[in-house]
Amino acid sequence: MRRRSLLLQVGVSVLLLAFLALLVNNLAVNLLRTGLGLDFGWLGRPSGFALAESALPYTPSDNYLWALTIGWLNSLKVIAAGLVLATLLGVAAGAARSSSNRLLRSLAGGYVAVIRQVPLLLQLLFWYFVAFLGLPETPIGDLIQLSNQGISLLGMPLSVEFCAVLTGLTVFTGASIAEIVRGGVNAVPRGQWEAFRSLGLSEGLGFRRIVLPQALPAILPALTSQYLNLAKNSTLAIAVGYADLYAVSDTTITQTGRAIEGFLLLLISFLLLNLLISGGMAGINATVLGRMRRSR
Amino acid sequence: METSAVRQEGLRIWDNPSRIVPTLMFRTCNRLLVGATVGLAALVGGCASMDGASVSRLDLVKQRGELLCGVSGKIPGFSFLSAEGAYTGLDVDICRAMAAAFVGDAEKVQYRPLTAPERFTALRSGEIDLLSRNTTWTLSRDSAGGNGLSFGPVVFHDGQGLLVPEAAGIRSLKDLSGKAICVGSGTTTEQNLNDTFAAEGIPYTPIKYQDLNQVVGGYLQGRCAAMTSDRSQLASARSGFADPEKHVILADRLSKEPLAPAVVGGDQTMADAMTWVVLALIEAEERGITQANVNAMVEQAEADASQTALRRFLGIDGALGSKLGLPDDFVVQVIRATGNYGEIYDRHLGPATPVAIPRGANRLAENGGLMIAPPFT
Amino acid sequence: MNRWLNRSVTLVLTALIGWGVWSVLHWLLLAADWQVVVSNLPLYVVGSYPVDQRWRPLLWMIALVVLIGFTLLGPRRGPLQRWLPLIWLAMAPLGLWLVAGGMMLEPVSTRDWGGFTLTLLLTFGSGLLALPIGVLLALGRRSRLPVLRLSSTAYIELMRAVPLIAVLFFGQLLIPLFLPPGLEINRVLRAVLAFAFFAAAYIAEDVRGGLQAIPPTQREAAAVLGLSEWQSLQLVVLPQALRIALPSLTNQAVGLLQNTSLMAILGLVELLGISRSLLANPVFIGRFLEVYLWLAAVYWLACTAMALLARHLELRLDPLRSDR
Amino acid sequence: MTVAIRATDLVKSYTPGSRALDGVSLEVASGEVLVVMGPSGSGKSTLIRTFNGLEKLDGGELDVLGVRLDAAHEERPVCEIRRRVGMVFQQFNLFPHLSILDNITLAPVKVQKRPKVQAEQRAIELLDQMGIREQAHKFPAQLSGGQQQRVAIARALALDPEVMLFDEPTSALDPERVKEVLDAMRQLARDGMTMVVVTHELGFAREVADRVMFMDQGQVVETSDPASFFTNAREERSRRFLSQMV
């Protein structure tokens with residue numbers, strides 16, 4: 001039996017390796033045919049394209065590597081903001097679904113039911129072309145100014161593209177988070193609600209201090225995968241003209257014709273992003289669980 | 001040796017089940033061959049050197065009996081999906097002319113709607129045989145060290161312009177300083193915009209979209225102070241606005257945009273065939289050969305041995321087609337299918353169409369334009 | 001005091017909802033122009049499918065609607081109910097045959113496929129392909145053999161780290177570079193493959209969750225009855241694991257349907273793609289809201305129908321809500 | 001008298017240094033009922049699980065119905081043994097997704113390749129014998145624990161085993177359900193089935209067992225007939241165990 005499993009493993013490895021070798025060989029043949037080998041030298045050449053927004057100084061005479069870095073930072077910006085806002089919205093909507101106010105409850109239910117059944121890409125297009133580009137010029141006080149040229153919050157200017165992607169990701173992911181929160185909250189025994197009510201705590205306070213902490217261990221792992229989804233979904237920004245990592249990679253690949261190299265860089269960047277998020281969440285998870293254990 | 005035999009026979013899976021049945025045995029053998037060959041190649045590893053260049057894409061097209069043509073599908077007048085669900089336009093007719101010459105039937109074309117960013121990769125990867133998609137002929141795209149394509153003759157001379165709302169009071173580039181400009185990403189348009197504004201030292205914000213449709217959407221929704229594209233496309237887009245007269249194209253010309261079809265580089269046979277099909281369209285217009293009179297012209301030339309140049313052009317003498325790897329009468333096939341260049345232009349961009357772009361630089365050289373064909377001898 | 005808070009929340013929400021309903025009505029009645037939807041209805045449904053053959057995808061879709069209605073609203077028991085799963089499975093090849101042609105029907109090339117038909121075909125095709133691959137990957141990840149386990153795990157984790165659009169980009173533009181010269185895989189098929197290989201990684205994790213929920217004693221019980229390892233997997237473990245995984249598999253299926261819209265970015269004219277083409281038509285310029293609302297309604301209906309069907313299946317597989 | 005099971009010096013250890021089975025030797029004659037008793041963790045469950053290969057041996061030698069098993073055994077003899085030895089678990093381990101009838105016919109149809117109709121006929125007979133014929137088309141979750149355990153016995157009997165192993169068959173049952181299962185086992189013993197039963201039911205052991213074996217810490221402490229074991233156990237450990245049980 002041991003011999004058979006060994007044989008099987010050798011067979012599988014040989015097949016896998018042969019398959020990979022076949023692919024790589026085909027790639028080599030095809031690249032040779034078009035006269036191009038793998039090469040990353042172009043990364044140092046000036047990109048020649050401008051970007052609408054960049055967190056760090058960037059001009060078209062900067063090289064491709066820097067352009068990609070700016071794209072990565074833009075992605076990071078919208079992901080980070082999206083994580084925070086989607087969490088807030090999701091927890092609020094999840095809490096609203098267990099609220100005692102029927103109207104609030106059904107409103108939250110409707111939000112989840114509609115948003116989760118419509119493709120994100122369509123929602124992004126809606127937010128951008130209909131909602132944000134349809135904004136009339138409306139200064140609300142000195143601190144907030146809305147227009148379809150951009151939005152200024154407390155003196156901080158935000159492009160409408162950024163706002164559309166952020167809104168789309170927040171609303172879409174928020175609905176999923178609301179479901180997770182509701183599931184976690186439902187797992188907390190009803191007796192806990194009765195207990196804090198009998199102590200005279202208000203609904204909101206009881207939810208925040210009693211129910212949510214107990215629901216967290218069930219919520220956190222699912223939340224991590226939603227965060228990763230949000231990061232992956234941010235690549236749809238290309239559809240509304242936001243210069244994220246995927247959009248910049250796409251432009252780079254077209255201009256240089258370096259599809260394989262560009263794709264590899266994209267993969268590596270995303271693996272990095274994933275590690276960042278899962279690592280962060282693992283940290284939070286450990287802290288939360290640790291605190292729970294200590295308090296017990 | 002086996003490998004080249006295999007490569008000529010393009011195996012197409014699932015596309016057309018009815019074609020699979022009769023050739024099933026042949027295909028199975030071939031598949032085995034492919035399997036054996038690539039298996040061997042895999043064993044040899046990266047050392048395998050294959051002379052892929054020896055087989056032209058043209059042979060593959062002929063064998064397949066169908067041309068895979070990349071178009072935009074979203075530009076009225078050039079390639080556009082009509083309400084009947086068929087592609088029409090100048091770029092589409094170029095594909096049809098090619099198919100008429102290559103496989104003898106202008107309808108044997110598979111159109112692949114491509115976005116600007118994906119078009120070269122599609123060509124390079126073999127996803128399409130020929131690109132006929134408002135593509136500007138540039139050095140880096142044409143060269144082996146760049147995108148590695150081969151361009152054919154120009155089918156439309158264009159230039160990049162800027163469309164602005166008249167009411168905005170923008171009269172020159174300087175007025176656009178610091179403003180947002182809507183532009184399609186991955187296009188030369190984007191680079192020209194950058195080159196021009198950088199040279200003039202005018203700051204601006206590019207708002208990049210994937211296709212012209214969204215550029216127009218963004219512009220009309222007021223996201224940008226101006227939109228930029230080839231002037232033909234600006235005119236074509238403006239023709240659809242509710243109030244075309246309220247938008248003006250600035251006099252500044254950001255670039256020259258010679259639009260031309262392209263094939264993958266390093267394939268002389270394919271490139272030559274493409275080049276001379278386009279030239280035949282122009283030559284036919286010079287000679288006054290049209291879709292309506294081409295049959296009569298052939299009869300007339302066959303009867304009159306003194307019409308030597310015409311007889312060569314129509315493939316009665318000289319076997320010019322064979323030199324390109326095409327049928328000798330390819331010109332006749334092409335004109336029957338699409339008419340000459342002037343006819344194609346009028347059909348899609350002429351005064352009777354909604355787009356209505358004056359012919360300008362696209363007139364024949366003898367009428368003061370830039371269109372001219374070298375001799376068919 | 002709590003009641004006051006409750007009442008004021010209700011009041012504010014009522015005002016908000018009233019305002020929302022009023023402005024929507026206002027727009028619907030006065031500003032909306034549904035010409036862009038009405039006059040292009042066939043294009044949304046079948047894309048650029050040949051006009052004289054349009055009855056084929058339409059027939060398929062009508063059959064689907066009838067089947068959905070029958071499944072959800074039909075009698076609970078009866079001779080037809082027993083065949084329902086088989087009829088459902090047969091819908092995919094039936095659709096492929098009707099749309100692609102061949103065998104007595106005139107063949108229609110994939111370039112002419114489009115609209116909602118293409119959306120459904122992409123969903124069906126990749127879903128059916130992804131499920132077995134996903135199950136195999138899940139089994140591989142739980143295998144005792146290190147090679148199988150490690151390669152499955154590596155595949156699953158890599159796929160799950162990558163955005164779908166990148167996988168689709170790979171499928172559309174890079175796969176040809178990895179094929180032997182001369183071998184071409186059709187574009188729609190490449191999209192189906194890309195979706196299937198992507199979804200398989202997620203399905204594998206859901207199935208693995210189901211497998212983990214089966215107590216090892218079930219395998220023991222099967223073993224002492226003399227069932228081979230394969231039989232025990234096939235007859236005892238997998239049926240239970242898949243039933244447990246069904247709710248999450250439903251989410252994957254709904255996600256798959258929604259994600260087919262990404263092909264619009266990569267140039268296939270499925271439902272969203274065809275709409276973007278239509279919006280480029282000068283006649284309909286700027287009619288974003290009408291088109292997007294219409295699409296949202298279609299996607300919502302399709303996804304909801306799918307979720308309902310899955311819920312129905314769940315109840316049928318579990319008529320007693322029995323549990324260990 | 002033929003020997004159904006002969007064990008010689010069985011050794012099994014899960015963690016290095018501690019032995020779940022520490023040199024166990026025994027013989028079970030054909031048609032005999034052997035009851036194995038002992039405190040929890042004494043190795044009695046492990047012992048009978050080695051009899052059909054659910055636990056692999058680390059040492060010693062087993063002969064089950066003429067088939068040899070030892071530490072280096074291959075897959076094939078285990079299959080042979082499992083086909084001829086039935087087993088009933090503490091937690092019933094019915095298949096929740098199959099009806100009672102399907103639970104019983106699964107192995108006869110899939111393993112022994114019997115015709116479905118014949119297997120169902122036999123299943124109904126067995127259910128009848130267990131007194132739960134009317135439950136045939138229900139699902140396990142709809143049955144009480146006692147009923148489920150009787151289904152499990154019927155499921156094992158459907159393969160016509162020569163030996164039946166019972167691993168604490170009544171420990172998971174409500175007290176009022178224990179009797180119905182024990183009655184079924186009693187009937188089985190009366191019919192001459194070779195049985196090895198791990199149980200804490202003293203009454204059952206006293207009444208049905210031919211011999212009682214007492215185990216502690218992976219070793220056989222003593223084996224004797226039930227009458228002398230319960231009234232006059234030889235070993236101090238057995239006596240202490242019995243005094244705690246009563």
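As a basis for the values below, the full set of heavy atoms in this structure was taken, side chains included, without hydrogen atoms, waters or symmetry mates. Computed from a prediction, not measured in an experiment: that's the story for all the values here. Just so we're on the same page: letters track the sequence lines, and every chain starts at 1.
Cation-pi geometry between D/Arg186 and D/Phe204 is not met at under 6.0 angstrom from the ring centre and within 45 degrees of the axis.
D/Asp191 and D/Gln187 form a side-chain donor-acceptor contact under 3.5 Å, judged by distance and modelled atom types alone. Judged purely by distance below 3.5 Å, without hydrogens or angles, the side chains of D/Asn93 and C/Gln218 never pair a donor atom with an acceptor atom.
In this structure, the separation between CD1 on C/Ile203 and CG on C/Leu137 is 10.0 Å, given to the nearest 0.5 Å.
Heavy-atom distances place both the backbone and the side chain of C/Glu220 under 4.5 Å from chain D. For a residue to count as touching a neighbouring chain, one of its non-hydrogen atoms must lie under 4.5 Å from one of that chain's; by this rule D/Val88 does not touch chain C. Interface residue D/Phe89: only side-chain heavy atoms are found under 4.5 Å from chain C. With a threshold of 4.5 angstrom between heavy atoms, D/Arg155 approaches chain C through its backbone and through its side chain.
Counting heavy-atom pairs closer than 4.5 Å to chain C, the top-ranked of the candidates D/Met87, D/Arg84, D/Arg49 is D/Arg49.
Salt-bridge formation is not detected for the pair D/Arg68/D/Glu80: no Lys NZ or Arg NE/NH1/NH2 atom is positioned less than 4.0 Å from an Asp or Glu carboxylate oxygen.
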